[in-house]
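All remarks here apply to the structure that follows.
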Amino acid sequence: MRDWKEALIRLEKTTTSTVSLVHSMAYADTYMLCFVQSGSLAVQVNDTKASLSPYHFYLLKPGDAYHFPGEGAEIALFRFRMYEPRENGELLQATNWHFPRRKGCANEKTADLAAALLRKNKYAFFWNQVQFPDLLYRCLEEGSNISMSGIELAKQYIEENPHARISLKTLAGLSGLHPSYLSEKFAQQTGKSVSQYAAEVKLTEAKRLIQTTTLPLKDIAHRIGYDDEFYFSRKFKKEVGLSPSQYREKKMRKLAAYDLDSLGDLLALRQIPFAAPMHPKWTKHYYELYQHEVPVHLSAYRANHDWQANMERLIDWKPDVLFAKRKLHEEERNAFTVSIPTFIDLSNAGSWKDQFILVAEALHEQNEAQRFLSHYEETAVACKQSIEKENTASPVILRIAGEGIYLYTNPGISSLFHDVGFEGWQQSAAPLSLLELKELAPRWLWVLCLHDNQTKAFYEHVRQSEEWNGLPAVRTGQVKHLPSDLWFEYSAFAQWRKLLFLRAQLQSM
């Protein structure tokens with residue numbers, strides 16, 4: 001692996017936030033430097049957990065799954081890409097860089113530089129491009145290691161050296177622990193033996209290299225510590241179910257999501273499609289994260305408003321696999337059946353979980369789907385226990401449209417409520433009066449408001465009324481406005497985000 005200092009670096013985006021806004025499990029699509037400005041931060045990256053304090057940093061690589069559980073810490077996130085210069089003058093985006101450390105502690109001057117990079121002015125973009133590599137150097141080369149236990153040191157060495165032949169003797173020397181004691185405690189804390197943990201790290205690195213580079217399999221085997229390419233291939237197939245060549249071919253396939261629900265299922269499987277609905281307003285969350293990663297942007301206006309244009313674009317681009325979950329016109333279904341090598345219509349496939357499993361099976365990603373669903377179920381059970389313990393009533397969900405207030409639900413909301421033990425209800429066909437709403441005495445309200453001028457004017461009038469301001473949820477500040485792109489979406493990733501929203505609300509009550 002090449003030294004990171006040989007790369008050309010482009011800073012893409014800088015943000016600062018509290019951990020309460022970064023609750024959900026997410027997937028890094030660029031390199032990310034997380035720098036703690038204040039408070040204490042618990043961070044989980046893939047299967048590794050760490051506790052960070054002010055001036056501590058953590059470097060995430062593309063493809064890392066990360067989660068910042070907890071509340072209160074102020075963090076700065078720097079998203080960047082790394083390019084390998086070629087002899088012909090071209091720049092190749094690359095991910096096979098060696099870093100001396102992934103996490104550590106910086107000094108006060110480095111913290112000041114990180115804060116300066118967050119300031120906004122008309123010269124910020126140009127100044128930040130020059131100064132950000134200096135921040136990286138200060139963190140990665142001059143920063144100190146965080147005080148860690150012997151087991152954490154052993155895990156860090158394994159994770160940062162996938163090419164190494166790991167031995168208990170080596171790890172014992174690094175950690176200062178007796179080999180037998182290290183072996184016992186390592187298994188207790190990780191649930192895996194040292195050799196199993198090292199094998200998983202090697203497998204993860206192999207998948208990343210297969211998916212993100214054109215390196216021959218022989219070179220990939222050497223990079224993760226195997227001299228025998230054929231032994232590596234046999235071991236890879238035993239664990240993944242596909243040979244390295246088959247895995248690369250599968251990952252090179254051009255996947256397309258015809259609708260927002262299909263896109264959410266693919267992203268939950270860590271699959272970024274070749275084509276998908278993308279719009280800064282109608283798919284705001286996905287657009288901000290993946291606009292540069294999805295080459296072909298389909299229209300996302302009003303779900304199927306531009307279906308003919310989207311159909312023609314996909315036929316022209318010819319993806320290898322197309323997923324569709326919404327109801328299709330007969331013309332669409334016939335055209336895709338004839339023109340797309342693998343067309344998977346999930347419009348009649350049952351619940352979001354049923355649909356998600358079918359998508360995973362089509363991509364041979366059953367293990368990834370099971371990991372996702374297990375994490376979802378664990379979080380849902382924790383929410384359900386909290387609801388039962390506090391005897392919490394379900395939120396009242398309102399949809400404001402035109403000059404009417406309606407009780408609202410949809411399949412995604414009904415599924416969420418069922419998973420956490422809330423009672424559901426039927427949405428109202430007739431509008432509610434403010435008196436009827438007052439009789440419900442909602443302790444918390446979730447509001448979906450249309451964005452047309454008539455609806456906004458009506459809702460503003462309602463919010464000024466005495467009846468509205470007398471509602472328990474309004475008096476206690478428990479009114480939350482829901483983004484329509486999330487709450488109308490019915491996919492694995494959308495359900496996960498809704499669950500985390502609910503968990504945050506339960507924690508704030």
Side-chain angles (χ1 to χ4, degrees), residues 1-2 27 45-48 61-65 94-99 102 154-172 174 179 182-183 186-187 189-255 266 268-272 320-321 341-342 357-375:
M1 301 178 74
R2 299 184 63 177
Y27 303 99
V45 179
N46 301 321
D47 293 325
T48 301
K61 295 181 179 181
D64 281 344
T95 57
N96 55 325
W97 302 102
H98 171 70
F99 302 93
R102 292 279 301 275
K155 286 173 60 181
Q156 177 176 282
Y157 180 82
I158 294 171
E159 292 160 8
E160 294 180 355
N161 296 276
H163 60 283
R165 289 179 172 83
I166 304 298
S167 70
L168 273 177
K169 183 178 180 180
T170 300
L171 296 179
L174 288 168
L182 169 65
S183 178
F186 192 98
Q189 291 191 23
T190 66
K192 305 176 182 73
S193 69
V194 168
S195 59
Q196 289 172 330
Y197 195 85
E200 287 190 4
V201 168
K202 290 178 183 293
L203 180 64
T204 299
E205 179 68 2
K207 287 181 176 180
R208 187 184 68 80
L209 291 171
I210 290 170
Q211 186 174 354
T212 61
T213 74
T214 58
L215 287 171
L217 296 180
K218 181 179 180 181
D219 291 351
I220 292 176
H222 289 167
R223 289 197 178 197
I224 61 170
Y226 293 112
D227 293 329
D228 187 338
E229 172 191 352
F230 301 103
Y231 174 76
F232 159 67
S233 294
R234 290 195 301 272
K235 194 170 184 63
F236 188 95
K237 184 171 184 178
K238 180 180 178 181
E239 295 297 327
V240 179
L242 298 170
S243 70
S245 298
Q246 291 170 326
Y247 186 81
R248 172 169 275 168
E249 181 181 351
K250 179 179 71 114
K251 292 297 181 180
M252 294 297 287
R253 286 187 300 176
K254 293 190 295 185
L255 307 180
L266 290 176
L269 294 169
R270 307 193 198 191
Q271 304 287 322
I272 299 178
D320 298 310
V321 185
T342 303
I357 290 171
L358 289 173
V359 172
E361 289 176 348
L363 299 175
H364 303 286
E365 292 287 354
Q366 293 94 324
N367 290 341
E368 186 65 29
Q370 188 56 52
R371 183 203 62 79
F372 180 93
L373 291 173
S374 295
H375 201 31

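What's counted below: heavy atoms across the whole structure, side chains too, no hydrogens, waters or symmetry copies. Given the structure is predicted, the values throughout are model-derived calculations rather than measurements.
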[X] versus [Y], closest heavy-atom pair with distance:
| X | Y | answer |
| --- | --- | --- |
| R223 | H163 | O-CB, 3.0 Å |
| A154 | L182 | CB-CD1, 4.2 Å |
| P162 | V201 | CB-CG1, 4.1 Å |

*Salt-bridge present (D228, K235; N to O < 4.0 Å)*: no

Looking at [X] and [Y], would you say the former's side chain and the latter's main chain have a donor-acceptor pair under 3.5 Å?
| X | Y | result |
| --- | --- | --- |
| T190 | F186 | yes |
| S183 | P179 | no |
| K202 | A164 | yes |

Quick one: [atom1] on [X] to [atom2] on [Y], what's the gap to the nearest 0.5 Å?
| X | Y | atom1 | atom2 | answer |
| --- | --- | --- | --- | --- |
| T204 | K207 | OG1 | NZ | 6.5 Å |
| Y226 | R234 | OH | CZ | 11.5 Å |
| E365 | F372 | CD | CZ | 13.5 Å |
| L209 | L217 | CG | CG | 10.5 Å |
| D227 | H222 | CG | NE2 | 5.5 Å |
| S233 | K238 | OG | NZ | 15.0 Å |

[X] versus [Y]: any side-chain heavy-atom pair under 4.5 Å?
| X | Y | value |
| --- | --- | --- |
| F236 | I210 | yes |
| Y247 | H364 | no |
| K218 | F232 | no |
| K61 | R102 | yes |
| L363 | L266 | yes |
| Y157 | T170 | yes |

*In sequence, state the C-alpha distance, the side-chain angles, and the governing distance for S245 and S243, and then conclude on side chain to side chain donor-acceptor pair (under 3.5 Å).*
CA-CA 5 Å; S245 298; S243 70; 4.7 Å; no

_Partner of V321 under side-chain contact (heavy atoms from CB on, under 4.5 Å), chosen from R253, Q271, K254_ = R253

_Verdict with reasoning, V45 to E159, per side-chain contact (heavy atoms from CB on, under 4.5 Å)_ = CA-CA 11 Å; V45 179; E159 292 160 8; over 6 Å; no

*Does a donor on one side chain and an acceptor on the other come within less than 3.5 Å for S374 and Q370?*
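Yes - a donor-acceptor pair under 3.5 Å links their side chains.
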
